[in-house]
Amino acid sequence: MLIHAFLSGLGIALAYTVITSIIIDSHEVHSLPFLYVVTSILLLLIGFVYSKLEHKYQPAKLFKGVLLALSLWGVFMFLNFRMGRSFLIISIAFCSYYLVYYLSNLEYWGSASLIFDVRQGKRLFGLLSVGESLAKIMGYAMTPVIIHSFSESGVFMVVALSFGGAYLIFLRLSKSYHSSMLVSHSDHHHEHKRSGSVITKLQIAKIFKRDSFKIYISLFALISTLTYFLIHYAFLVKIEERYVDLEDIAVFIATLYSSAKIANLLIKIFLSGRIFQFMGLKVVLLLLPTLLLAVNLYGVVGILTGQIQENFIIWVFTSIIIIDEVFRTSLYTPAYLTLFQPLTKEKRLEGHTLCKGIMEPIGIGIAGILILILIESDLFNLSILSYIILFWLLMWIFSGNKLFKSYLGILQNALKSKLLNRGTLELSKEEVHILINDKLKSQDPLERLYALKMLGNRLPVGIIE
């Protein structure tokens, strides 16, 4: 899985640096809000198709097809940029990159969620993406060198080879974990039919009628993505104003992101497991939006007190981007994915597709529409955008609190159904609390025995006896 993450991450990093640099160098940043909306529509369509395929084919077969498609995309982009840098070519590159990023994430984390259970997920999801971090450090650093030595189009041949390598690694993984990768389609189809085909028919209203967990996991995904793209646009606006040469832009982006990824990697290797154990899932889940809120609030206070100098605004948005890059995949994403783990395998895959295939694209579209409204109303500036980002960060934290309460209900059901196995891994604070205050005090002796088995040496000998 580490090698797989490395190869996929390398392709993503190379593609992102080149496409972003070209957009800034071609002065097309002003077109991004429109492209956000187009991208959201395309992602919804791809999510619709992906959901259909997910219910028709076994995950291993579907994931193989995804990786082959990503490799072919690299070849297509190589040919695309050989024809020039028209607005159409740049638009195709930008929109298709986010489709590739979406599919790559669905494939990788879908595989991980099937191979590892909830206990392993808490400990390993942070470490699993170490390969991705190493690849992105290398990819960001390599991109300016490749552009200088060859051309921007040449980078995409390396992208194609990276995804091709990930495909070969997945072939081996699918054989080694054949039984883990199997999903009962008869059960899946029955549940899918019973629930009204929520995802494949895009019946959003039915999502919010099912249960609170789906409501808040959906809102959480939407708000997280919406906030990121507002920040992303503000950051690129400032970069476009400062840099004019393609190589300078690529070097700046590469330096910024590779430095952040080094910090990200150190957290994954040395701190992620300890942070999860010491701070608990809720704190880790809300750490990223809280840090972003603190920096954005500092920027808003600075604006209100008259600190609107160019360097101040650049510093604020650059700091926000760095924080996001450092903490998103090292702590936030593993914590977010852990929320799905108490669900059955079928429900995990459905939840991933729901959030990434429907709610995240809607978030991208809302971000684009908000910026377009500000621009068309002649109200757009980074000060106003800072206030809007502040509001959505507060909503992100609010929905996160609600989501965690719903997660505890899901976790209680998992414990009640004996879906969790103690093994050799540590229990989280939330699980210990449920076991001590619910299972251990149950009138059912089997429930108490189960709690004792799970808690092990956490309890004094007297209580165990």
Criterion ring-ring contact (aromatic ring centres under 6.0 Å, His included) against F156, the qualifying member of F78, F81, F76
F81

Quick one: does [X]'s side chain get under 4.5 Å of [Y]'s, heavy atoms only?
| X | Y | result |
| --- | --- | --- |
| N401 | K282 | yes |
| S111 | L173 | no |
| S399 | K402 | no |
| F380 | L382 | yes |
| Y257 | I321 | yes |
| I397 | T290 | yes |
| L281 | F404 | yes |
| F317 | V237 | no |

Taking the six-membered ring for Trp, is the centroid-to-centroid distance between [X] and [Y] below 6.0 Å?
| X | Y | value |
| --- | --- | --- |
| F170 | Y108 | no |
| Y36 | F229 | yes |
| F213 | Y407 | no |
| Y102 | Y98 | no |

Before giving the answer on side-chain contact (heavy atoms from CB on, under 4.5 Å), spell out for I217 and M359 the whole-Å C-alpha distance, their side-chain angles and the decisive distance to 0.1 Å.
CA-CA 9 Å; I217 200 78; M359 305 316 295; over 6 Å; no

Give, for atom [atom1] of [X] and atom [atom2] of [Y], the distance between the pair rounded to the nearest 0.5 Å.
| X | Y | atom1 | atom2 | answer |
| --- | --- | --- | --- | --- |
| L35 | I364 | CG | CD1 | 11.5 Å |
| L42 | L99 | CG | CG | 5.5 Å |
| S174 | L171 | OG | CG | 5.5 Å |
| H4 | Y167 | NE2 | OH | 12.0 Å |
| S8 | E107 | OG | CD | 6.0 Å |
| Y57 | F63 | OH | CZ | 14.5 Å |

Give me the ring orientation class for [X] and [Y]: parallel if the planes are under 30° apart, tilted from 30 to 60°, perpendicular past 60°.
| X | Y | answer |
| --- | --- | --- |
| Y140 | Y16 | perpendicular |
| W73 | Y97 | tilted |
| Y332 | W396 | perpendicular |

Measure across [X] and [Y] and return the closest heavy-atom pair with its distance rounded to 0.1 Å.
| X | Y | answer |
| --- | --- | --- |
| L379 | I384 | O-CD1, 2.9 Å |
| V159 | G74 | CG1-CA, 4.3 Å |
| L7 | G165 | CD1-C, 3.3 Å |
| A234 | L385 | CB-CD2, 3.6 Å |
| L10 | S162 | CD2-OG, 3.4 Å |
| G139 | A13 | CA-CB, 4.1 Å |

Under the criterion side-chain contact (heavy atoms from CB on, under 4.5 Å), which of [options] is the partner of [X]?
| X | options | answer |
| --- | --- | --- |
| I371 | V37, L32, L230 | L230 |
| N296 | I323, I320, I231, L394 | I320 |
| L393 | T227, L291, V295 | T227 |

Decide side-chain contact (heavy atoms from CB on, under 4.5 Å) for I373 and S377; before the verdict, give the C-alpha distance in whole Å, the side-chain angles of both, and the deciding distance to 0.1 Å.
CA-CA 6 Å; I373 290 173; S377 304; 4.1 Å; yes

Using modelled atom types only, decide if a donor and an acceptor are shared between the side chain of [X] and the backbone of [Y] within a distance under 3.5 Å.
| X | Y | value |
| --- | --- | --- |
| S71 | A160 | yes |
| S96 | A93 | yes |
| T17 | L14 | no |
| S224 | F220 | no |
| S104 | V100 | no |

Could you go through the side-chain contact (heavy atoms from CB on, under 4.5 Å) check for L339 and L285 one step at a time?
CA-CA 10 Å; L339 299 176; L285 186 68; 4.1 Å; yes

Can a donor-acceptor pair be found between the side chains of [X] and [Y] at a distance below 3.5 Å?
| X | Y | answer |
| --- | --- | --- |
| K136 | N264 | no |
| T318 | K238 | no |
| E28 | S31 | yes |

Would you say [X] has more than 12 foreign heavy atoms packed within less than 6.0 Å of its [atom1]?
| X | atom1 | result |
| --- | --- | --- |
| I3 | CD1 | no |
| F398 | CZ | no |
| M157 | CE | yes |

For C355 and Y336: C-alpha separation, side-chain torsions, deciding distance, then whether side-chain contact (heavy atoms from CB on, under 4.5 Å) applies.
CA-CA 11 Å; C355 291; Y336 177 69; 3.1 Å; yes

